[in-house]
2 protein chains.
Amino acid sequence: MTESLPRPAELLCFSVYAAAHAMNRVYKPLLERLGLTYPQYLVMLTLWDEDGQTVGQVSERLFLESSTITPLLKRLEAAGLVTRERDRTDERVVRARLTEAGRALREKALDIPGCILGATGLDLPAAVRLRDEVDGLRKSLERAAD
Amino acid sequence: MTESLPRPAELLCFSVYAAAHAMNRVYKPLLERLGLTYPQYLVMLTLWDEDGQTVGQVSERLFLESSTITPLLKRLEAAGLVTRERDRTDERVVRARLTEAGRALREKALDIPGCILGATGLDLPAAVRLRDEVDGLRKSLERAAD
DNA sequence: GACATTTATATTGCGCGATAAATTATCGAG
DNA sequence: CTCGATAATTTATCGCGCAATATAAATGTC
């Protein structure tokens, strides 16, 4: 007998994978005006929330390895949006700071969350609820990955 | 006054983005045994479901551009899992067919969906419900992206 | 029927993201 | 001071994803 395997469309993992792409496609034209990619936008949001964070803090907040964040920050540095310098009191640590241009860019980003919410077709409470549910999924997966 | 921007963790888009990564990390060790990446696994699932599909059909099912699928299929061809040949009756079209090794690999993949479901911490009905919800999100986003 | 235009399909060219593994450098405990 | 732990970078890989492009078929035009 032949045991069955699901089609991609039947899988939860695939719906998440496909939704992430769809999200990216909605973001793309919005972020192009800022000269940012989506991961770069996430880094900027992180720094707009709290400037001067270390590489480790940024990677922790975004659930990515520091070896992913370093090149991201370098591109943002090359774009003139952040600077990277070693912490004086602990020379192991590198802190990312917004430049004037980096702070200024914030204004141009203010309307993006509203645009995205509109694109989701959800009202705010529904979006928050779904976010928390997907976040719970991530937490379970992270526990399982260890 | 300073208008506010959310932290990444507050955003639905970020929960989806992070969940996709977490999913990938759970899949990775399982798929390594098959010598596949996650997108390659999706292509194989598609062909296991229906062999001999065209590049266009595969891309449509996975919501990706054909320019993403072509190199994916080439890698699977290089791995000896599929063949690619032009349709005789319509020379624009390329069809992907499983090799014997490609069909055989299916057996080794049978237990993966169960492993993943386990890692989600959800029971089947809950997983299906969440899948449909995330799928609805994707649909809304696709409508908005046009 | 021949030629041009539009439509459908797939491939090429390019850059970014993501990670693992190895390296460098610094800190803190004893 | 030494050694283990911590932090970030470098290295090395490489796959993905798409825009732009090329090719083939279908359709329209005279």
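Residue numbers start from 1 in every chain, and the chains themselves are labelled A, B, ... in the order their sequence lines are given, proteins ahead of strands.
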When we call it a touch if two heavy atoms are under 4.0 Å apart, what does A:Ile69 touch: a base, just sugar-phosphate, or nothing?
-> nothing

side-chain N/O B:Arg25 vs C:dT19 OP1/OP2, d < 4.0 Å | yes

A:Gln53 and side-chain hydrogen bond (donor to acceptor under 3.5 Å, both in side chains): which partner among A:Arg61, A:Arg97, A:Arg95?
-> A:Arg61

Side chain to side chain, B:Met44 and B:Leu34, heavy atoms closer than 4.5 Å = no

Would you mind telling me which of C:dA18, D:dT9, D:dC18 lies closest to the side-chain atoms of A:Thr68?
-> C:dA18

Heavy-atom closest pair, residues B:Ala22 and A:Leu141 | CB-CB, 3.9 Å

Listing time: all N or O pairs from protein to nucleotides 27-30 of chain C that are below 3.5 Å?
unit_1: C:dC27; atom_1: OP1; unit_2: A:Glu91; atom_2: N; d: 3.0
unit_1: C:dC27; atom_1: O4'; unit_2: A:Arg92; atom_2: NE; d: 3.4

What is the distance, rounded to the nearest whole Å, between atom NZ of A:Lys28 and atom P of D:dC18?
-> 7 Å

Of all the nucleotides listed (C:dT12, D:dC16, D:dG17), which has the minimum atom distance to the side chain of B:Thr70?
-> C:dT12

Of the candidate nucleotides C:dT19, D:dG17, C:dA10, which contains the atom at the shortest distance from the side chain of A:His21?
-> D:dG17

Round to the nearest Å and state the distance from B:Leu62 atom CG to D:dC18 atom P.
-> 12 Å

Check whether any side-chain N or O of A:Tyr38 sits under 4.0 Å from OP1 or OP2 of C:dA18, and answer yes or no.
-> no

Starting at atom CD of A:Gln53, determine the distance to atom P of D:dA8, rounded to an integer number of angstrom.
-> 11 Å

How would you label the contact of A:Arg95 with the nucleic acid (heavy atoms, under 4.0 Å): base, sugar-phosphate, or nothing?
-> nothing

Round to the nearest Å and state the distance from A:Glu85 atom CD to D:dA7 atom P.
-> 19 Å

CD/B:Glu107: more than 12 non-hydrogen atoms of other groups inside 6.0 Å = yes

Taking CD from A:Glu65 and C1' from D:dT9, how many angstroms apart are they, rounded to a whole number?
-> 14 Å

Is a donor-acceptor pair below 3.5 Å formed from side chain B:Ser67 to base D:dA20, judging by atom type as modelled?
-> no

Counting side-chain heavy atoms from CB outward, which of C:dG17, C:dA10, D:dG15 is closest to B:Ser66?
-> C:dA10

For B:Glu60, look at atom CD and say whether over 12 heavy atoms of other residues, nucleotides or ligands are found less than 6.0 Å away.
-> no

In terms of the angle between their ring planes, are B:Tyr17 and A:Tyr38 parallel, tilted or perpendicular, with boundaries placed at 30° and 60°?
-> perpendicular

B:Arg7 CZ: over 12 foreign heavy atoms closer than 6.0 Å = no

Rounded to the Å, how far apart are B:Leu72 CG and D:dC14 P?
-> 16 Å

Taken to the nearest whole Å, CD/A:Glu32 to C1'/D:dA19 is 10 Å

Of B:Thr37 and A:Arg86, the one whose closest nucleotide on DNA chain D sits nearer the 5' end is A:Arg86

Determine the contact category for B:Ser59: base if any of its heavy atoms lies under 4.0 Å from a base atom, sugar-phosphate if only primed atoms, P, OP1 or OP2 are that close, otherwise nothing.
-> nothing

Ignoring backbone atoms, test whether A:Arg75 places a side-chain nitrogen or oxygen under 4.0 Å from the OP1 or OP2 oxygen of C:dG15.
-> no

Round to a whole Å and report the spacing from CD of B:Glu60 to P of C:dA8.
-> 12 Å

With respect to the phosphate group of C:dC16, does any side-chain polar atom (N or O) of A:Gln40 fall under 4.0 Å of OP1 or OP2?
-> no

Between B:Trp48 and B:Tyr41, how do the two ring planes meet: parallel, tilted or perpendicular, split at 30° and 60°?
-> perpendicular

For B:Phe63, answer base if it contacts any base atom (sugar-phosphate contacts may also be present), sugar-phosphate if it contacts only those atoms, and nothing otherwise; contact means non-hydrogen atoms under 4.0 Å.
-> nothing

Just to confirm, is there a sub-4.0 Å distance from OP1 or OP2 of D:dT9 to any side-chain nitrogen or oxygen of A:Lys74?
-> no

